[in-house]
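Structure, as C-alpha cells:
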Amino acid sequence: MTGISSEVAQAREKGLKRGLSQRQLTMIGIGGAIGTGLFMGSGLAIGYAGPGVLLSYAMAAAIALVVMYALAEMAVDNPTAGSFGTYAEIHLSPLAGWMARWTYWAEMVILIGSEAVAVGHYVRFWAPDLPVWLPTLASGLAILFVNTRAVGNFGSIEYWLSSIKVVAILAFILLGLGMILGVGAPAIGLSNYWVDGGPLPFGMAGVWMGAMIAIFSFFGIEMVAVAAGEARDPGVSVPRAMRTLLARLALFYILSIAIILAVVPWSSSGANVIDQSPFVKLFAGFGIAGAATVMNFVVLCAALSAMNSSLFMASRMLFSLARAGEAPARFGTLNAAAVPAPATLASGLGIVVATATALLTPRAFEYLLGIALFGGLFTWALILITHLRFRRGRKAPSSAFRAPLSPFAQLAGLAGLLAIAVTMMLAGGVWRLSVMIGAAWLVLTVIAFALHRRIAGSSVQGQG
C-alpha cells in the first residue's frame with residue numbers, strides 16, 4: 001500500500017478557519033501536557049525514584065524534544081487537521097494513517113471521560129452531597145458548546161484555562177524558592193535531598209521507573225501540530241510554539257518537582273489526594289490559608305483545560321478520517337463557524353460512554369485507560385517512524401524548520417519508547433495491562449481497516 005500526496009491531503013481537509021495565534025498554540029500544548037498528572041500525580045514518580053526523579057523527567061523531556069522537533073518539521077511542511085495521522089498515511093501507508101487517527105481519537109475520548117469524572121469529584125469538594133454525575137455532565141456539555149463555536153473562541157478559552165495553571169505553578173515556584181532561601185522564615189535549604197537514602201535511593205533502576213511515569217506527563221504536546229491546520233501562520237507559529245512549549249514544560253515540571261523534593265521529604269510526597277498533594281503541602285507550609293481550596297480550584301481548571309483541548313484533538317482526528325473516506329461523511333462537514341461540529345458532537349457521545357463506564361464499572365474503565373496509555377506510546381513511535389520516512393523521501397529540504405540530528409535522534413527516541421514499553425510489561429499490574437490491551441486494540445484496528453476496505457471495494461464494484 002502506498003500513501004497519498006501532501007497536495008491531496010491538504011485539499012481533502014480544506015475549509016477549517018485559520019484563527020489560532022502562536023500564543024494560543026502554545027497554551028493548547030500546555031493544556032494537553034500539564035494536567036492533574038503534575039498537580040496530583042507527581043508523587044507517584046517521586047515514589048519510584050526519590051530525588052533521582054529529576055533525572056527521570058530529564059530523560060522523558062529529551063524523548064519529548066525529539067518527538068516535538070520531528071512533528072514540527074512535518075507540520076510546517078503540511079499543516080493539516082489530521083496531523084501525524086495524515087503524515088502516516090502519506091509517508092507510510094493508508095493502514096498506518098487509519099491506525100494513528102482511530103487510536104488517537106479513542107485515546108482522547110477516553111482521557112476526556114476520565115477528566116470529566118475528575119471534575120465531578122473536584123466539585124464535590126465544595127458540595128459533598130452533589131451527585132458526581134451532575135457536574136460531570138455539566139462540564140461535558142459546557143466543553144461541547146465551546147468546541148462547536150469558532151476556533152478563535154476555543155483558543156481563547158483554552159488560553160485562559162491554561163493560564164490559571166501557569167500562574168499556579170509560577171506561584172508555587174516562587175513560594176518554594178522563598179522557603180528554600182529563607183524569605184520570611186528560616187531557610188529550609190536542600191537537606192531533604194540527602195534524607196531517606198540520598199539522591200538515588202533506588203539507584204538507576206528507580207530513575208528509569210520514574211522515567212516511565214514521566215513520559216506520560218508529556219503526552220499532549222502533539223496537540224500543537226494537530227492545531228497547526230487552524231493556525232494563522234503555521235510556518236512561523238508552529239516552530240515557535242514548539243520551542244516555547246518545551247522551555248515552559250521543562251521549567252514547570254523539573255523546577256516544580258525540584259522544589260517539592262527540597263521542601264517535602266520524598267518519602268512523604270507520594271500521595272495523590274487533594275489533602276496530601278505535594279503542591280498543597282507547600283502552600284500550607286508557607287502559611288497560606290485555604291491551600292486545599294486554592295489547589296482544588298486549580299486542578300478543576302486543569303481538568304477542564306484537558307477536556308477542552310482533548311475534545312478539539314478528537315474532533316479533528318474524526319474530521320480527518322471522514323474526509324479520507326474512513327468514517328461517515330457527515331463527520332467531515334463544517335458548520336457556519338468553519339468548525340467540524342458533527343465530529344465534535346460524535347466525540348462527545350464517546351465521552352458519555354467513557355464517563356458512564358467510569359461511573360458504573362470502574363474495572364472496565366481501567367481497560368479503556370490501558371488503550372489511552374498505550375495509545376500515547378504508539379502515537380509518539382509512529383511520529384518518529386513517519387519522520388524517518390518523510391526525510392528519506394526528500395531530496396532537498398522543503399521546510400523552513402528542520403529537526404536536528406536526524407536520523408540519529410529519532411532512532412534514539414524510538415529505542416527509548418520501546419524500552420519503556422518493555423519496562424511496562426516487566427513491571428506488571430496496570431502497566432502490563434496497558435500494553436496488552438493496547439496491543440489488542442491495534443489488532444482490532446487492523447481487522448477493522450481490512451473490513452472497511454472490503455466493504456468499500458464491494459460498494460464500488462456494485463456501483464460499477
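If you read the sequence from its start, that first residue is 1, and numbering goes on from there. Computed over heavy atoms, backbone and side chain alike; hydrogens, waters and symmetry mates excluded.
- Across Thr344 and Ser315, no two heavy atoms sit closer than the pair OG1-CB, 3.3 Å.
- With hydrogens and angles disregarded, a donor-acceptor distance shorter than 3.5 Å links the side chain of Thr136 to the backbone of Ala116.
- The backbone N or O of Gly325 lies less than 3.5 Å from a partner atom in the side chain of His452, making a donor-acceptor pair.
- For the pair Pro342 and Arg330, the tightest heavy-atom approach, listed with the atom from each and the gap, is CB-O, 3.5 Å.
- Interatomic distance, Met317 CE to Met313 CE, rounded to the nearest 0.5 Å: 8.0 Å.
- Proximity of a side-chain donor or acceptor of Thr103 to a complementary backbone N or O of Met99 within less than 3.5 Å is detected.
- Contact of the Leu261 side chain with the Asn192 side chain is not registered, since no non-hydrogen atoms from C-beta on lie closer than 4.5 Å.
- A pairwise comparison of heavy atoms in Ala403 and Gln410 identifies CB-NE2, 4.1 Å as the closest pair.
- Under the 4.5 Å side-chain criterion, counting only non-hydrogen atoms from C-beta, Phe449 is not in contact with Val446.
- Thr423 and Trp208 share a side-chain donor-acceptor pair at under 3.5 Å.
- Rounded to the nearest 0.5 angstrom, Leu414 CG and Ile63 CD1 are separated by 10.0 Å.
- Phe219 and Trp380 have their aromatic ring centers within a separation under 6.0 angstrom.
- Using modelled atom types, one side-chain atom of Trp98 and one backbone atom of Thr445 make a donor-acceptor pair closer than 3.5 Å.
- Separation of atoms CD1 (Ile143) and OG1 (Thr148) is listed at 11.0 Å; rounding is to 0.5 Å.
- Considering only heavy atoms from C-beta on, Ser56 comes within 4.5 Å of Val53 through its side chain.
- Classification of the Tyr253-Tyr57 ring pair by plane angle, with boundaries at 30° and 60°, yields parallel.
- Put simply, the side chain of Ser310 never gets that close to the backbone of Met108: no donor and acceptor are under 3.5 Å apart.
- In plain terms, the two heavy atoms of Arg391 and Ser406 that are nearest each other are NH1-CB, 3.2 Å.
- Rounding to the nearest 0.5 angstrom, the gap separating the CG atom in Leu405 from the CG atom in Leu65 is 9.5 Å.
- Under the 3.5 Å distance criterion, the side-chain polar atoms of Arg323 are left unmatched by any main-chain donor or acceptor of Phe319.
- In this structure, the side chains of Arg101 and Trp105 stay at 4.5 Å or more apart for every pair of heavy atoms.
- Between the Arg389 side chain and the Leu92 main chain, no donor and acceptor come within less than 3.5 Å of each other.
- Judged by distance alone, with hydrogens and angles left aside, the side-chain atoms of Thr333 form no donor-acceptor pair with the main-chain N or O of Ala329 at under 3.5 Å.
- Under the 30°/60° scheme for interplanar angles, the aromatic rings of Trp431 and Phe216 are found to lie parallel.
- The aromatic rings of Phe378 and Phe374 lie parallel to each other, their planes meeting at an angle below 30°, with 60° marking the opposite boundary.
- For the pair Tyr87 (side chain) and Leu71 (backbone), a donor-acceptor distance under 3.5 Å is absent.
- Scanning all heavy atoms of the two residues, the minimum distance from Ala343 to Leu318 falls at O-CD2, 3.7 Å.
- The minimum heavy-atom distance linking Ile164 with Cys301 is given by the pair CD1-SG, 3.6 Å.
- A distance of 4.5 Å separates CG in Asn78 from CD1 in Ile90, rounded to the nearest 0.5 Å.
- The distance from atom CD1 of Ile420 to atom CE of Met424, rounded to the nearest 0.5 Å, is 9.0 Å.
- Residues that satisfy the side chain to side chain contact (heavy atoms under 4.5 Å, CB included) test with Ala322, not counting sequence neighbours, are Ala327, Phe331.
- Proximity of Asn147 to Glu158: side-chain heavy atoms (C-beta onward) are nowhere separated by under 4.5 Å.
- For Ser309 (side chain) and Ser305 (main-chain N/O), a donor-acceptor pair under 3.5 Å exists by modelled atom type.
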